[in-house]
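Only heavy atoms go into these numbers, but all of them, side chains included; no hydrogens, no water, no symmetry mates. In this chain, numbering begins with 1 at the start of the sequence shown.
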Amino acid sequence: MKSLISLAALLVFQAGPAFAQNADLILFGGPIHTADPARPVAEAVAVEDGRIVYVGSRSGAFALSDGDTRRIDLRGAALFPGFTDGHAHLIGIGQRELTLDLSGAPSIAAAMQELAAWAAANPDGPIIGRGWIETHWPESRFLNRQDLDAAAPGRVVILTRADGHALVASSAALTLAGFAAETTAPAGGEIERDGQGEPTGLLIDAAMALISPAVPSETADARRRALQTGMQVYVGRGWTGMHNMSAAWGDVQQLEDLDAEGAVALRLYNAVDIDQAEPLFVSGPRGTDDGLVITRAIKVYADGALGSRGAALFEPYADAAGSTGLMQTTPDAILPSYRRALERGLQIATHAIGDRGNAAVLDWYEEVGAPATARWRIEHAQIVRPSDLTRFGEDGIIASMQPSHAIGDLHFAPARLGEARLDGAYAWRALVEDGAVVVGGSDAPVEVGSPLIEFYAAVARRDLQGYQGPDWHSDQALTREQALALFTTAPAYASFREDELGMIRQGFRADLTVFDIDLMTAPETAIPQGRALLTVVDGRIVFEAEVW
C-alpha cells in the first residue's frame, strides 16, 4: 500500500543510488537527446527499477541485458527526456473528452450546429461544454444566450470560453441560477449587456460564479473518470509529467488514492487553488511514496485573460478604450497567504497575463521577501513591460509560459494591445537571456495540449499555417536547445526535482518520450505533424503506439 510521506523523507527516498546488474529495458537505434550538457547525445539507454542505469554506447547497454530485458529498437525514432507540461489542468482535459467540445468550431453557426446535435443526442439534463473562441470567427463576436436558446430551446446550457475566463449561459440557465436584470457583477467580474442593458448571457471572470446554482454537482466517480481520462490522453501524446494547475483539494485526494491503486500513469505536480488550500497549509508539502503525485504549490489569480479583456493593463485596451482589465485580488487580501506559504515551504504560482497584473505580482513577491530558493512562479507572464522583464531573473521568479498562446493570440493580440505593448509580449527569449527560468506548458484544455505543437510554437513563433504577421517579434523565438529545456530541465527545476528529472542521466528517474520525428533537426513545419510512439514513466511503459 503506497502511503503519504513528508517531502524531506520523499527526497531522501528518491535520491538513492541506482546500481545495475541486469536492465529491465534498453532503448537504442535512433537519435537520443539527453538534455544533459555533460553528454548531450547517446547511442543507448538502460533502465532498471524505474531509474536510468546506463547512458552511452550500444555495446555498453547490451552488456546489462539478460533474457528478461526488453530491448526496444527505435528504428530511427528520437528519444528525449520525458516531456513535462509545465501548466495544464488535468480535470479539464478529461472533462473536455467527456462533454461538448467546441474547440474546433470555425464559426458561431458551426458551434451552434454542434450544440444542437449534442442536445438531440443527450435529451436530458443540463448541457455543459467549453472550448469556443470567437477571435477567428467570421461573425466577429462573442456567443450570447439567444444563440444557445435557438440551438437548444429551453435547455440549460453553459459553455465556457477556451481560456476558462468567460462563459455564456442560456436563458434557462440564467433563470435557474436566479439571475435577474438587476444582478450586478462582483469585484473582478463583468456581466456583458446589450444596447438595452439586458444581460447577453456572457459572464467574465469573477462573474462566472453567478451561474454556479445552475451547474450540476459532479460526483466523485465522475471526477475520478475525468482524471483518469486526462492522464490517458496525455501519456498518449508523449507527456510523462504535468504541473497540474488549479487542482481541487478533492482531486488531490483522488489522485493520491489512484496512486495507491497503481492507477496513476502520469507524474503529477499539483498546485491547489487558493480557496481550497487550507489543508495544504496545514500539512505542508506532501507526496506519495513513489513520487508520482506531489502537492507543493498554491495557485492564485491576479488578473483575467487577454481574449476576454480581463488581463489587467496599465493603459486601456487598444480596441476597448474604456477598459483596463480586471484584477482578481488585492495586496491586502493576498499578502497574508503569501507570507504563510513562505513559512510553510509552499510554492506560490500566480496567474498574471497583463502588464499591470505581472508588475503587481512581482511587487507582491518582493514585498514578502520571497527568496529565489522558494522558486515562486508567475503563470503565463504574457504581457510584461520591458522594464519588468529583468526582474524575473534578478528575483529568481520562474516564468511559466505557454508557447501555443502566442501563435493563437497573434491573430487578435495586436488589436487588443497596440504595437507598443508587443515589445514585452510572449518574450520567451528575452527572459531566458536575462537569466530567468522559463517553464513551457500548454494550459490545456485552453489549448490542445500537444508537446509537438508547443515545441513548434517555441521555435517557429508562427501559427500552424506558417503565419506570423508584422511586429510579432520573431527574435523572441527560441533555439531548439532552449525549447527542449522548456519541457524537460525547467519543469524539473520548477518542481524541485532537478536532481532526478529532466535529463537522461545515470541515476535519474526513467521518464522518457519517443517521437517519430527528431525535434532537434526536423524542419519546423514538420514538427506538429509528428506523433508520440512511446511514453515511459518511472521506468514503466504507459503508452506504446500500435504501429511504429
Looking at the rings of H351 and H165, which for Trp means the six-membered one, are their centres under 6.0 Å apart?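 Under 6.0 Å, so yes.
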
Pair Y426 and H473, ring centroids less than 6.0 Å apart: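 Centroid separation for Y426 and H473: 6.0 Å or greater.
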
Sequence-distant partners of R375, salt bridge (charged side-chain N to carboxylate O under 4.0 Å, His left out), two or more places apart: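 Partners of R375 under the salt bridge (charged side-chain N to carboxylate O under 4.0 Å, His left out) test: E498.
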
Taking [Y]'s backbone N and O only, do any of them form a donor-acceptor pair with [X]'s side chain (distance below 3.5 Å, no angle check)?
X    : Y    : answer
Q476 : A430 : yes
D463 : Q465 : yes
Q254 : A220 : yes
Q468 : R461 : yes
Q347 : R296 : no
R480 : A522 : yes
H89  : M245 : yes
E419 : P414 : no
W239 : G449 : yes
N144 : Q146 : yes

To the nearest 0.5 Å, tell me how far [X] [atom1] sits from [Y] [atom2].
X    : Y    : atom1 : atom2 : answer
R161 : S308 : CZ    : OG    : 5.5 Å
D275 : W249 : CG    : CH2   : 13.0 Å
L115 : S170 : CG    : OG    : 9.0 Å
D101 : W132 : CG    : CH2   : 14.0 Å
L268 : I294 : CG    : CD1   : 10.0 Å
R377 : I348 : CZ    : CD1   : 11.5 Å

Could you check whether any side-chain heavy atom of [X] comes within less than 4.5 Å of a side-chain heavy atom of [Y], counting everything from C-beta outward?
X    : Y    : answer
L255 : L90  : yes
H380 : D303 : no
D205 : Q328 : yes
T240 : F80  : no
I527 : L519 : yes
I158 : I127 : no
Q95  : E218 : yes
M231 : L266 : yes

Can you name the residues that form a ring-ring contact (aromatic ring centres under 6.0 Å, His included) with W376, not counting sequence neighbours?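 Expected list: Y338, Y365.
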
What closest approach, in Å, do [X] and [Y] show between heavy atoms, and which atom pair accounts for it?
X    : Y    : answer
I191 : A207 : CG1-CB, 4.2 Å
L422 : G418 : CG-O, 3.6 Å
T99  : G129 : OG1-CA, 4.5 Å
S495 : H243 : CB-NE2, 3.7 Å
H136 : A105 : NE2-O, 3.5 Å
F392 : A381 : CZ-CB, 4.0 Å

Acceptor/donor pairs from residues 482-490 side chains to any protein atom, 3.5 angstrom cut, sequence neighbours excluded:
from, atom 1, to, atom 2, distance (Å)
Q482, OE1, T479, N, 2.9
Q482, OE1, T479, OG1, 3.4
T488, OG1, L484, O, 2.6

Under the side-chain contact (heavy atoms from CB on, under 4.5 Å) criterion, do H405 and L306 qualify, and how do the steps go? CA-CA 10 Å; H405 284 347; L306 186 67; over 6 Å; no

Heavy atoms from other residues, nucleotides or ligands near CZ of R225 exceed 12 (cutoff 6.0 Å):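 Not more than 12 within 6.0 Å, no.
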
For a side-chain contact (heavy atoms from CB on, under 4.5 Å) check, start with the C-alpha distance between V446 and Q402, then their side-chain angles and the critical distance, and finish with the verdict. CA-CA 10 Å; V446 175; Q402 299 73 50; over 6 Å; no

Take I128 and T160 through the test side-chain contact (heavy atoms from CB on, under 4.5 Å) and record every step on the way to the result. CA-CA 8 Å; I128 306 298; T160 303; over 6 Å; no

Tabulate below the donor-acceptor pairs under 3.5 Å that side-chain atoms of residues 149-156 make, not counting sequence neighbours, or state none.
from, atom 1, to, atom 2, distance (Å)
D149, OD1, S171, N, 3.1
D149, OD2, S171, OG, 2.5
R155, NH1, A119, O, 3.4
R155, NH1, N122, O, 3.4
R155, NH2, N122, O, 2.7
R155, NH2, G125, O, 2.8

Stepwise side-chain contact (heavy atoms from CB on, under 4.5 Å) check, D85 with E454: CA-CA 9 Å; D85 190 329; E454 297 301 331; 6.0 Å; no

All side chain to side chain contact (heavy atoms under 4.5 Å, CB included) counterparts of A333, not counting sequence neighbours: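 For A333 the side chain to side chain contact (heavy atoms under 4.5 Å, CB included) partners, ignoring immediate neighbours, are T329, T330.
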
Classify the angle between the aromatic ring planes of F455 and F83 as parallel (below 30°), tilted (30 to 60°) or perpendicular (above 60°).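 Judged by the thresholds at 30° and 60°, the geometry between F455 and F83 is tilted.
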
Going through the distances and angles, do D409 and R416 end up as a salt bridge (charged side-chain N to carboxylate O under 4.0 Å, His left out)? CA-CA 10 Å; D409 292 5; R416 291 279 193 278; over 6 Å; no

Under 3.5 Å, is there a donor on one side chain and an acceptor on the other for S246 and Y301?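 A pair is found: one side chain offers a donor N or O, the other an acceptor, under 3.5 Å apart.
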
Checking side-chain polar atoms at under 3.5 Å, does E447 have a donor or acceptor matched by the opposite partner on S442?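 Side-chain D/A pair, E447 to S442: absent.
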
Does any pair with a residue in residues 387-398 pass salt bridge (charged side-chain N to carboxylate O under 4.0 Å, His left out), and if so which ones, sequence neighbours excluded?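 Qualifying pairs, neighbours excluded: D363-R391, E366-R391, R385-D388, D388-R391.
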
Please assess Q232 against E97 for the test side chain to side chain donor-acceptor pair (under 3.5 Å), listing each intermediate value before the final yes or no. CA-CA 11 Å; Q232 291 306 312; E97 299 294 314; over 6 Å; no

Closer than 4.0 angstrom, basic N to acidic O: yes or no for R141 and D147?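 The answer is yes: the pair qualifies as a salt bridge.
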
Using a strict cut-off of less than 4.0 Å between a Lys/Arg side-chain nitrogen and an Asp/Glu carboxylate oxygen, indicate whether D251 and R223 qualify as a salt bridge.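 Judged by the 4.0 Å cut-off on N to carboxylate O distance, D251 and R223 do form a salt bridge.
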
L203, L174, L210 screened by side-chain contact (heavy atoms from CB on, under 4.5 Å) with T183, the one that passes: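 Of the listed options, the one satisfying the test is L210.
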
